[in-house]
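Report on the following structure.
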Number of protein chains: 2
Amino acid sequence: MTTRQRSAVRDELVREPAFRSAQEIHASLRDTGHRIGLTTVYRALQSLADADEVDVLRNDDGESTYRACSAGHHHHVVCRSCGTTVEVEGRAVETWADRVAREHGFVDVEHTVEVFGTCIRCAG
Amino acid sequence: MTTRQRSAVRDELVREPAFRSAQEIHASLRDTGHRIGLTTVYRALQSLADADEVDVLRNDDGESTYRACSAGHHHHVVCRSCGTTVEVEGRAVETWADRVAREHGFVDVEHTVEVFGTCIRCAG
DNA sequence: GAGGGAATGAAAACCGTTGTCGTTCTCATG
DNA sequence: CATGAGAACGACAACGGTTTTCATTCCCTC
């Protein structure tokens, strides 16, 4: 269902292409004048994640962070300071993960690969 | 400081080389007759992690899971069913992560790579 | 032994997240 | 435009893993 709040969350994610927590996104929406509850933000993010429209990442504190993403399998280079993200793909990693798991007798192989660094703006 | 409880946690980690949550480890210790508090298990795991003697992984629920590990940089193939783990290394991944991050202007590059699958025993 | 600093653990606090439930909104239909 | 049903909303409470608190106990040196 399309609602004012749902659209606001989606727009906010597009506006700021960085991994942010639900609470940060909520605060940002409130600051820009939107009236929306935290629960609703969580639910909107959940349904967007279910639809594969956003990627979810756990940060070191165990919080979930969200970012609007292109469809299809890809990985991220994430700035540990500002959360800015670049999508990358790497066939080399895919095949490596698959091979190394099969060599040890594992099936149904999946993998998670995230690259962290400090972006040029934050390092400057 | 060396105490009975600290040793028990360390022994338990060696006994069962799989990623398990603090609560699972605590329950296992209690079941085998040890008197130890949950808080102490958390603290023992924390200090072992600080000393790089155990690796920490967040599962999908956001829980931390712990496993005794060899020193040095390596990755894991983890069974999603029983937590059994194989340590692997892959120079290809290291260089790929480094290259792709630098290409986008990131410095101080780190990466996390985890491979999940179903081990031959659980699949059988 | 005695003393002091670290470790322990039961209970409370913490905090991100999810459930509850009465109210409000959206949208297809008349 | 009116309406009714089902979905979405949101304030609040509940949940659960983890951390903090603080009085007690333990380890180690002298």
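Every chain is numbered from 1, with letters handed out A, B, ... down the list of sequences. These numbers come from a predicted model, not from an experiment. In what follows, every heavy atom counts, from backbone to side chain, and hydrogens, waters and symmetry copies are set aside.
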Validation: residues 114-124 of chain A side-chain donor-acceptor distances under 3.5 Å, sequence neighbours left out:
residue: A:Glu114; atom: OE1; partner: A:His76; partner atom: ND1; Å: 3.4
residue: A:Thr118; atom: OG1; partner: A:Arg80; partner atom: NH1; Å: 3.1

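- Remark: B:Thr112 engages no residue in a side chain to side chain donor-acceptor pair (under 3.5 Å) (not counting sequence neighbours).
- In this structure, A:Arg58 contributes its side chain and B:Asp60 its backbone to a donor-acceptor pair below 3.5 Å.
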Detail all sub-3.5 Å separations between protein N/O atoms and N/O atoms belonging to nucleotides 11-15 of chain C.
residue: C:dA11; atom: N6; partner: B:Thr39; partner atom: OG1; Å: 3.4

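- Within 4.0 Å (heavy atoms only), A:Ser64 reaches sugar-phosphate atoms of the nucleic acid but no base atom.
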Could you tabulate the donor-acceptor pairs under 3.5 Å formed by side-chain atoms of residues 20-27 of chain B, not counting sequence neighbours?
residue: B:Arg20; atom: NH1; partner: B:Glu12; partner atom: OE2; Å: 2.9
residue: B:Arg20; atom: NH2; partner: B:Glu12; partner atom: O; Å: 3.3
residue: B:Arg20; atom: NH2; partner: B:Glu12; partner atom: OE2; Å: 3.2
residue: B:Ser21; atom: OG; partner: B:Glu24; partner atom: N; Å: 3.1
residue: B:Gln23; atom: NE2; partner: B:Tyr42; partner atom: OH; Å: 3.4
residue: B:Glu24; atom: OE1; partner: B:Ser21; partner atom: N; Å: 3.0
residue: B:His26; atom: NE2; partner: B:Ile36; partner atom: O; Å: 3.0
residue: B:His26; atom: NE2; partner: B:Leu38; partner atom: N; Å: 3.4

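- Atom CZ in A:Arg30 sits roughly 8 Å away from atom P in D:dG10 (whole-Å rounding).
- Going from atom CD of A:Gln46 over to atom OG of A:Ser64 covers 8.5 Å, rounded to the nearest 0.5 Å.
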Do any N or O atoms of the protein come closer than 3.5 Å to N or O atoms of nucleotides 3-8 of chain C, and which pairs are they?
residue: C:dT8; atom: OP1; partner: B:Thr3; partner atom: OG1; Å: 2.5
residue: C:dT8; atom: OP2; partner: B:Arg6; partner atom: NH1; Å: 2.6
residue: C:dT8; atom: O3'; partner: B:Gln5; partner atom: NE2; Å: 3.1

Please tabulate, for side-chain N and O atoms in residues 2-9 of chain B, each donor-acceptor pair with protein atoms closer than 3.5 Å (sequence neighbours left out).
residue: B:Thr3; atom: OG1; partner: B:Arg6; partner atom: N; Å: 3.2
residue: B:Arg4; atom: NH1; partner: B:Arg35; partner atom: O; Å: 3.2
residue: B:Ser7; atom: OG; partner: B:Thr3; partner atom: O; Å: 3.0

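- You'll find the side chain of A:Leu48 reaches within 4.5 Å of the side chain of A:Leu13, heavy atoms only.
- Of the side-chain N and O atoms in A:Tyr42, none sit less than 4.0 angstrom from OP1 or OP2 of C:dT18.
- Taking 4.0 Å as the cut-off between side-chain N and carboxylate O, B:Glu16 and B:Arg67 do not count as a salt-bridged pair.
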